[in-house]
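Step one of this worksheet: look at the structure below.
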Amino acid sequence: MEDHDDINLGRRNLMAGVALAGVFGTVLASVPASAEDAGVVTGPAPDLSTLPRVKVDLVAPPGVHAHDQIAVGGPKVVEFTLTIEEKPLVIDDLGTTVHAMTFNGSVPGPLMVVHEGDYVELTLINPDTNMLQHNIDFHSATGALGGGGLTLVNPGEQVKLRFKATRPGTFVYHCAPGGPMIPWHVVSGMNGAIMVLPRDGLNDGHGKPLHYDRIFYIGEQDFYIPKDADGNFKTYESAGDAYSDMLEVMKTLTPTHEVFNGAAGALTGENAMTANVGETILVVHSQANRDTRPHLIGGHGDYVWNTGKFRNAPEVDLETWHIPGGAAGAMLYTFLQPGIYAYVNHNLIEAVELGATAHFKVEGEWNDDLMTQVQAPSPIA
Amino acid sequence: MTARPVENLTLADLLLPASLLVGLSIFSLMQMDILSLKPAEAYRGPQTIVVAPHAYEYRLPGDFQMDGVPVNGTLQQAEAGPIEVMLHQVTLADYHECVSRGACDAAEPVIRSARADVPVTGVSFDDAMDYAQWLSERTGDTWRLPTVAEWIFIAGDRAVDHAVDAVTDADNPAERWIATYEQEASRAVPADARPQPSGFFGANDMGVMDIAGNVWEWTATCANRTTLAPDGSTASVVESCGIRYLEGRHLTPMSVFVRDSRSGGCSIGAAPDNLGFRLVREPRSWLRLPF
């Protein structure tokens, strides 16, 4: 964290800059001042060969790769590899199939976890079995369209990007290959999230450290599947064949499917997430394209960073929280009762009819103080 | 002037013979029609199978509780039959007959099939009752939905006992919820909810086709909540006939007007893939069998 002198210096520079802005324009004034003011630590690139390097094996959502909540040692270079897979994906129990575009084969792509001040070094591979050009835009990165301008790869190419994780929080990443390809790739599944933890871990904004026992990554995805004259969802030979029809549905702004982790029911039944009473969970929830409003039925958001940025104090005791489209939020909750919990997008039409429902199966002792059935259902006296 | 207006002549003089001619034609057409329709009038409805009398056991449907705690319904030993029941679930083609004659509302399937030999889906209890009434009038027989007990009799080795195995812990209601959830989740196969052609799921040990496939079947049985006394006798029953049970891979209560059931939100159990039905035919009474 920056010290107070740095902040004051930054503000003085900003004031000076404002005075000059009338003559030289705002860009000149705001770049150095706002960077310091926001607490971003940057400077000439250090000799990265002196930093430790860590190679991370990513895991498919809702799992998250092993990581330290409090950073051990100084900044590192953290190496990730994402392989782009274009593949058919069944998104409901009716066999509705979309030609998905994915990072590492899953919708969403895997969650990456680093610490503030670490360097993210990503190898992006576009195998020659793919048909389309892809890239990656990290909302957590600074410059070059989030890296999108430096990572455009054709089938058969790979590229390596390094950026410094300067802002702690949860951030979306997505493919953004230009023009109408951008929303099409995003609503075909090509998005994920990265979590940049503060080096000293999460806190409540008042100095109290926060810790989680389990972490889950939920990526919410809106799909826009064209229908035939009978009203059945259409299937296409290839992504390209579907493109123009899908664009028409996309422009209605009304998704046909709104799902967690790539398909209706992907996180329910035998795939329900599990925890125990007394355990604290962190849920990272991203929606790369469309606003959402998560709600844990029968529970709460103990600490919620709804816009996902950890230098803001979390809100507490929330019932429902709003995550704007193009953002990832984080929610910390300690289970107090056993049972089945539904975690939904609390637009209940989207939850029930379009698929945005996940379940937690929580085991442990029931707490009668918190709730009890005083009288079982019985004939009206 | 002896000439009369031509119009008067034609109208008055042609009306009688013309109407006679038309009447005669219609009469003879009706005669022919009746003759030619005779075999069709003998339509007896979709193919049926007679399930022979046998002893079976079934669990009473309903929400049962004892000492304020949910418990499994009572297991009954019974003997029944013969019961004549549709070999297959009512198909799209069967149901279309009723819709095209204005006696049934159109179904609302999630997927519209190009084939007519798939079970009709997207039908409510009310729709099933309309179809039963129409088919009864059409055939002169009495068709009706089976009760849960009759359905289990018909289902033979495909019948699923909906008892929850978990020991009910009065201090922890969550244990039963979790056990129920796990049980229903494990039965949620096949995962493909698309209706399949009649016969796809095969016959049970009674020869009845497609029992407990991916189309759940409406029954006539009303939802109920039954409170048992400590000795196991019934202390009270509250019946709700706006809600009926569907049978299939698991027993599901459903409001009578619902045509499609999707899982999600706070309804955390597994929902039926599709709602359909099959009917039983009452034996013809001697009075109605004069020949």
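Quick note on labels: first sequence line is chain A, next is B, and so on, each numbered from 1.
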Step-by-step side-chain contact (heavy atoms from CB on, under 4.5 Å) determination, Y181(B) to T268(A) | CA-CA 10 Å; Y181(B) 183 82; T268(A) 64; 3.9 Å; yes

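In plain terms, the two heavy atoms of L94(A) and A193(B) that are nearest each other are CD2-CB, 3.9 Å. Between G339(A) and W177(B), the closest heavy-atom pair is CA-CE3, 4.1 Å. Annotation for G68(B) and A376(A): closest pair CA-CB, 3.7 Å, computed over non-hydrogen atoms.
Note that NZ of K227(A) is 9.5 Å distant from CZ of R112(B), once rounded to the nearest 0.5 Å. Separation of atoms CG (N172(B)) and CD (E363(A)) is listed at 9.5 Å; rounding is to 0.5 Å. A distance of 11.0 Å separates CG of D230(A) from CD1 of I111(B), quoted to the nearest 0.5 Å.
With a threshold of 4.5 angstrom between heavy atoms, Q337(A) does not approach chain B through any atom at all. With a 4.5 Å cut-off on non-hydrogen atoms, N232(A) touches chain B through its side chain but not through its backbone. Heavy atoms of V90(A) lying under 4.5 Å from chain B are absent altogether. Using a 4.5 Å cut-off between heavy atoms, R225(B) touches chain A through its side chain atoms alone.
Residue H322(A) qualifies as enclosed at atom NE2: its count of foreign heavy atoms under 6.0 Å is above 12. Heavy atoms of other residues, nucleotides or ligands lying less than 6.0 angstrom from CG of L75(B) number more than 12.
Here P377(A) is the residue among A272(A), A356(A), P377(A) with the most heavy-atom pairs under 4.5 Å with chain B. Chain A forms the most heavy-atom pairs under 4.5 Å with one residue out of A114(B), S236(B), A235(B), A174(B), and that residue is A174(B). Heavy-atom pairs under 4.5 Å with chain B peak, among H346(A), E270(A), H295(A), at E270(A).
Looking only at side-chain heavy atoms (C-beta outward), I340(A) and I178(B) come within less than 4.5 Å of each other.
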